[in-house]
Amino acid sequence: MSKVANYLNEHILGEVSSNAAVRKAMSTDASVLTMTPEMVVYPRTTNDIRKIARFSNQLAEKGHILPITPRGGGSDQTGAAIGKGIVVNTMAHMNTIFELDAKQRLVRVQPGVTFKALNDALRLQGLYIPSYPASQAYSTIGGAIANNATGIRSGKYGATGNWVHQIEVVLSNGDILQTGRISKRELNRKKGEQTFEGEVYRGIDNLITDNADVIANSIDTEVRDGAGYTGIAEVKHRDGSIDLTPLIIGSQGTLGIISEVIMKAEFYSELAVAAIAFGSWESARDTLEAIAGLEPSVLELIDGGMFESAL
């Protein structure tokens, strides 16, 4: 084991591994890319993540770059779950569902809990998070937020980001930032703080102010766009208040490591499935237009030729 891995092992509650087999297992995700990390860390607490980030930041200040890549179930198809430095896998230990406020339909969880585990627990209370992706059995909440993942019902209920209420993020220097809407007065107070959080708020506010026209004319907030930090268009409100949550959603762990989340839930509804065969495109079109008026969760049209090929 390397000196760095040994040092981290002695200072966190979780485990650090530089084993070749472990590193190889974490060198791929659902993409076609491969990148083998120097070590894999399995944090047990938010404080573990803070220590890892702080250590990496201190190394960077001395000219030694040891990047950090957060990882959940590894189902990402863009290569976002792999990296050459430290892979921080939250799935092993940070998978607790802390509490549910059934009245407000809010649930507080760690990032490593899977969508299926969370929805199974919520359904006991007649609730669920409807944006769950097809990979819900191993797709984690933290990863789904970082990717702004969608699922079969997202056409009606939106992407995962639509169901995020608040995020706790560990910044690159180990500080913690709690997202959530803050007033213009609170924003000015935070901007006056000589901390990394204050620097973040000053930088974001200035960026939005200086590029207001570009943001307004280049980003369509009605369209799901995972390319870049498009959530910046929804960060600042007309009353001067700010919420950094939309900026973290879809940022693929590049702005901070998600350590805790408060999700919004919906009342659970069963998925009824019906299949209809049509003799012509015209009848299919007319019928689907009528069904669309009923606001179904999913509506798919499959060409007969494709259906026969699948058989």
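It should be emphasised that the depicted structure is a prediction, and the values quoted were computed from it without experimental measurement. All values below were derived from every heavy atom in this structure, side-chain atoms included, with hydrogens, water molecules and symmetry-related copies excluded.
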Distance from Ile141 atom CD1 to Tyr132 atom OH, nearest 0.5 Å?
13.0 Å

Test Tyr201 against Leu244 for side chain to side chain contact (heavy atoms under 4.5 Å, CB included), laying out the working first.
CA-CA 9 Å; Tyr201 276 104; Leu244 297 184; 3.8 Å; yes

Contacts of Arg181 that satisfy salt bridge (Lys or Arg N to Asp or Glu O under 4.0 Å) - sequence neighbours left out:
Asp239

Say whether Leu59 and Ile12 are linked into one hydrophobic cluster, either directly or through other cluster members, by side-chain heavy-atom distances under 4.5 angstrom.
yes

Could you pull out the closest heavy-atom pair between Ala137 and Thr114, with the gap in Å?
O-CG2, 3.6 Å

Within the 4.5 Å heavy-atom criterion, are Leu33 and Thr28 side-chain neighbours or not?
no

Common cluster, Val113/Phe115, ILVMFWY with side-chain heavy-atom separation under 4.5 Å:
yes

Under 4.5 Å between any side-chain heavy atoms of Val107 and Ile262, yes or no?
no

Test ring pair (Phe, Tyr, Trp, His ring centres under 6.0 Å) applied to His11 - qualifying residues, sequence neighbours left out:
Tyr7

Would you please name every residue forming a side chain to side chain contact (heavy atoms under 4.5 Å, CB included) with Asp286, sequence neighbours left out?
none

Considering only residues two or more places apart or on different chains, which pairs with a residue in residues 89-112 satisfy salt bridge (Lys or Arg N to Asp or Glu O under 4.0 Å)?
Glu99-Arg108, Arg108-Glu260

Interatomic distance, Lys184 atom NZ to Lys236 atom NZ [nearest 0.5 angstrom]
7.0 Å

Is it true that the side chains of Thr254 and Tyr229 contain a donor and an acceptor less than 3.5 Å apart?
yes

Would you say Thr160 and Met263 make side-chain contact, with heavy atoms under 4.5 Å?
yes

Min side-chain heavy-atom separation Phe55-Val4 under 4.5 Å
yes

Using distance only, find each side-chain donor-acceptor pair of residues 162-173 under 3.5 Å and give its atom names and separation, not counting sequence neighbours.
from	atom 1	to	atom 2	distance (Å)
Asn162	OD1	Ala159	N	3.2
Trp163	NE1	Tyr157	O	3.0
Gln166	NE2	Thr179	O	3.1
Glu168	OE1	Gln178	NE2	3.0
Glu168	OE2	Thr46	OG1	3.3
Glu168	OE2	Ser259	OG	2.6
Asn173	OD1	Asp175	N	3.0
Asn173	ND2	Asp175	OD2	3.1

Distance (rounded to the nearest 0.5 Å) between Met94 CE and Ile258 CD1
11.0 Å

Go through Ile291 and Ile276 one step at a time and tell me if the side chain to side chain contact (heavy atoms under 4.5 Å, CB included) criterion holds.
CA-CA 11 Å; Ile291 295 175; Ile276 307 173; 4.0 Å; yes

Could you walk me through whether Asn89 and Val41 pass side chain to side chain contact (heavy atoms under 4.5 Å, CB included), step by step?
CA-CA 6 Å; Asn89 190 314; Val41 181; over 6 Å; no

Under 3.5 Å, is there a donor on one side chain and an acceptor on the other for Gln77 and Asn147?
no

Lys51: salt bridge (Lys or Arg N to Asp or Glu O under 4.0 Å) partners, not counting sequence neighbours:
none

Please tell me if the side chains of Met39 and Ser2 come closer than 4.5 Å, counting only heavy atoms from C-beta onward.
yes

Tell me every residue that passes side chain to side chain donor-acceptor pair (under 3.5 Å) with Ser218, counting only those two or more places apart in sequence or in another chain.
none

Contacts of type salt bridge (Lys or Arg N to Asp or Glu O under 4.0 Å), residue Lys116, not counting sequence neighbours:
Asp120

Can you find a heavy atom in the side chain of Ile145 that is under 4.5 Å from one in the side chain of Thr140?
no

Measure the shortest side-chain to side-chain distance between Glu197 and Lys190 over non-hydrogen atoms and say whether it is less than 4.5 angstrom.
yes

Pairwise distance CD1(Ile52) to CD1(Ile257) - rounded to 0.5 angstrom
7.0 Å

Pairs touching residues 72-99 that satisfy ring-ring contact (aromatic ring centres under 6.0 Å, His included), sequence neighbours left out:
none

Is Ile249 reachable from Leu106 through a run of hydrophobic residues whose side-chain heavy atoms are each under 4.5 Å from the next?
no

Note: Ile208 and Ile215 closest approach over all heavy atoms is CA-CD1, 4.0 Å

Please report the interatomic distance CG(Leu118) to CG(Leu100), rounded to the nearest 0.5 Å.
9.0 Å

Between the CG atom in Leu288 and the CZ atom in Phe278, the distance rounded to the nearest 0.5 Å is 5.0 Å

Starting from Ile68, can I reach Met91 by hopping between I/L/V/M/F/W/Y residues whose side chains sit under 4.5 Å apart?
no

Could you work out, with side chain to side chain donor-acceptor pair (under 3.5 Å) as the rule, every residue matching Arg189, not counting sequence neighbours?
Glu186, Glu193

Can you name the residues that form a side chain to side chain donor-acceptor pair (under 3.5 Å) with Asp243, not counting sequence neighbours?
Thr245

I'd like to know if the side chain of Thr96 pairs up with that of Gln110 as donor and acceptor (distance under 3.5 Å, no hydrogens or angles considered).
yes

Please check if any side-chain donor atom of Thr78 sits under 3.5 Å from a side-chain acceptor atom of Asp76, or the reverse.
yes

Between Pro37 and Arg23, which heavy-atom pair has the shortest distance, and what is it?
O-NE, 2.8 Å

Where at least one partner belongs to residues 8-18, residue pairs that pass salt bridge (Lys or Arg N to Asp or Glu O under 4.0 Å), sequence neighbours excluded:
Glu15-Arg44

Please determine whether side chain to side chain contact (heavy atoms under 4.5 Å, CB included) holds for the pair Ile86 and Glu38, giving the CA-CA distance in whole Å, both sets of side-chain angles, and the decisive distance to 0.1 Å.
CA-CA 6 Å; Ile86 301 175; Glu38 292 185 37; over 6 Å; no

I'd like to know if Val88 and Met35 are part of one continuous hydrophobic network [Ile/Leu/Val/Met/Phe/Trp/Tyr, side-chain heavy atoms within less than 4.5 Å].
no

Which heavy atom of Ser131 sits nearest a heavy atom of Gly158, and at what distance?
CB-O, 3.5 Å

If every non-hydrogen atom of Gly79 is compared with every non-hydrogen atom of Ile82, which pair is closest and at what distance?
O-CG1, 3.1 Å

Just so I know, are the side chains of Lys24 and Thr36 near enough to count as touching, which here means a heavy-atom distance under 4.5 Å?
no

